[in-house]
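Right, one structure below, let's go through it.
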Amino acid sequence: MQQYLNPNCNLMSIKISPIDKSRISTVDFDKLDFGRTFSDHMFEMIWQDGQWQRPKIIPYGPISFTPALQSLHYGQSVFEGMKAYYADEETIHLFRPEDHHQRLNNSSKRICVPETDYNTFINGIEELLRLDADWVPRKRGQALYIRPIAFASEEYLAAKASDNYHFYIITSPVAAYYKEGFNPVSLTTADGYVRAVKGGTGEAKTAGNYAASFLPARQAVEKGYTQVLWLDAIEKKYVEEVGTMNIFFLIDGTLVTPELSGSVLNGITRRSVIELAKDQGIPLEERRITIDEVFEAGKSGKLEEVFGSGTAAVISPVRLIHHNGKKLEIGDGSVGPLAKKMFDTITGIQYGEIEDTFGWIHPVKVKDEARVE
Ligand SMILES: Cc1ncc(COP(=O)(O)O)c(C=O)c1O
């Protein structure tokens, strides 16, 4: 077992136990299925006796718990989803890791999971990237998906905040989201279900929010739609967000996105689109918008584009919205110029092709014995 002290880590050093033999030769990087392939190493940190213990990096693999694990019963689990991009032989780009860490801590606070320190978080990710640099796919569009997760790990059937937690960071190489051009999606509002209510956990990236959305999401797919367009839980008329994306409407030259109401996830891509729009002088409004306003804008020809924003697809053009038996077709069903421009600019910055004037990129220097195709 090798011990490794990271000179940049001003807190607890990470104890590193590297793998004996890499699994990478078994992976076909041209046939990656999202979330099914995992890199050689993972970061692990345990909360006990009221504090986080020394972090470790260990071989990726199963972890052992009893069926009395508190998070399985009471849902105390928060996570993040971010990506690393291959910029050149020596450099990997992380996109807005500080924002993701801040959101993780906000989510943690909401459900009583202990917060983590940014230095430990970023040092853990940097060490994982250096150890598993070969797992960061090299082709444009591909990326390394990074999934931090913290969950209650006490063996105790008590409906209260746990005394113990496990925190992991696992990484997964993923294929290009759009392999053959954009794939515009169709959305439907959900009949009889709501995702989140102000004061609840909608703003947190907590496991239970996703579990609650699976039945309506399945029903949407059965009816032929890609995802659910969520409306507010009280009046059921204000647009909130999509299953795994925030949403934007280009109406008569103004980009409109629902305001952060307390029940909408504060998307990092949403934030990036807003900053880009402001930078490019595109009129931008964060405000309440009703589904009726969207349909009326469609009828009067003022609805120019609709697109979602999220880490997975970056920008996802919307071609159709269904609500209460009515269908609204957007444009000619192809990707609009603003959605394309947002996609090209954000991905260009992520891959280091466009200068990052916003401070979004955290570059990580990795050893250059990386795999070359
Ligand atoms: C419910 C929900 N809304 C919005 C988003 C988009 O957030 P981000 O841009 O940070 O990926 C996601 C994805 O994480 C999500 O799960």
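In each ligand, atom 1 is the first atom listed, and ligand 1 is the first ligand listed.
Scored by the side chain to side chain donor-acceptor pair (under 3.5 Å) test, Y210 finds K205 as partners (sequence neighbours excluded).
In terms of modelled atom types and a separation under 3.5 Å, the side chain of E241 and the main chain of L265 share a donor-acceptor contact.
Annotation: G81 places no N or O atom under 3.5 Å from an N or O atom of ligand 1; distance criterion only. Checked against a 3.5 angstrom limit, the closest N/O atoms of Y210 and ligand 1 fall inside it. At least one N or O atom of T269 sits closer than 3.5 Å to an N or O atom of ligand 1. The shortest N or O to N or O distance between T311 and ligand 1 is under 3.5 Å. Geometrically, ligand 1 and E241 share a nitrogen or oxygen pair separated by less than 3.5 Å.
Side-chain atoms of R103 and N266 include no donor-acceptor pair closer than 3.5 Å. Defined by atom type and a distance below 3.5 Å, a donor-acceptor pair is missing between the side-chain atoms of E98 and H362. Looking only at atom types and distance, the side chain of E286 has no donor-acceptor partner in the side chain of T257 under 3.5 Å away. Between the side chains of R147 and T171, no donor-acceptor pair is found at a separation under 3.5 Å. Using modelled atom types and a 3.5 Å distance limit, the side chains of H323 and T188 yield no donor-acceptor pair.
Here the shortest heavy-atom pairing between E355 and I349 reads O-CG1, 4.1 Å. Closest approach of A233 to A196, counting heavy atoms only: CB-O, 3.4 Å.
Remark: ligand 1 atoms within the under-4.0 Å shell around heavy atoms of S309 are 6 (C). Proximity to N246 (heavy-atom distance under 4.0 Å) selects the following atoms of ligand 1: 4 (C), 6 (C). Interface atoms of ligand 1 facing K205, defined by a heavy-atom separation under 4.0 Å, are 13 (C), 14 (O), 16 (O). Of all atoms in ligand 1, listed by their number and element, those nearer than 4.0 Å to a heavy atom of R195 are 1 (C). Numbered from 1 in the order shown, with element, the atoms of ligand 1 that lie under 4.0 Å from a heavy atom of I268 read 8 (P), 9 (O), 10 (O). Within ligand 1, counting atoms from 1 as listed, the ones closer than 4.0 Å to a heavy atom of G310 are 6 (C), 9 (O), 11 (O).
Residues K139 and D30 are paired through a salt bridge, judged by an N-O separation under 4.0 Å between the basic side chain and the carboxylate.
Neither the backbone nor the side chain of A312 comes within 4.0 Å of ligand 1, counting heavy atoms alone. For R271, no heavy-atom contact with ligand 1 is shorter than 4.0 Å. The side chain of R103, and not its backbone, has at least one atom closer than 4.0 Å to an atom of ligand 1 (non-hydrogen atoms only; side chain from C-beta on). Residue L265 touches ligand 1 through its side chain alone, judged by heavy-atom distances below 4.0 Å.
Residue, atom and distance of the protein heavy atom nearest to atom 5 (C) of ligand 1 are T244 O, 3.5 Å.
Of the listed options G267, G308, G243, S213, G243 places a heavy atom closest to atom 1 (C) of ligand 1.
Using a 30° and 60° split on the angle between ring planes, F43 and F167 fall in the perpendicular class, above 60°.
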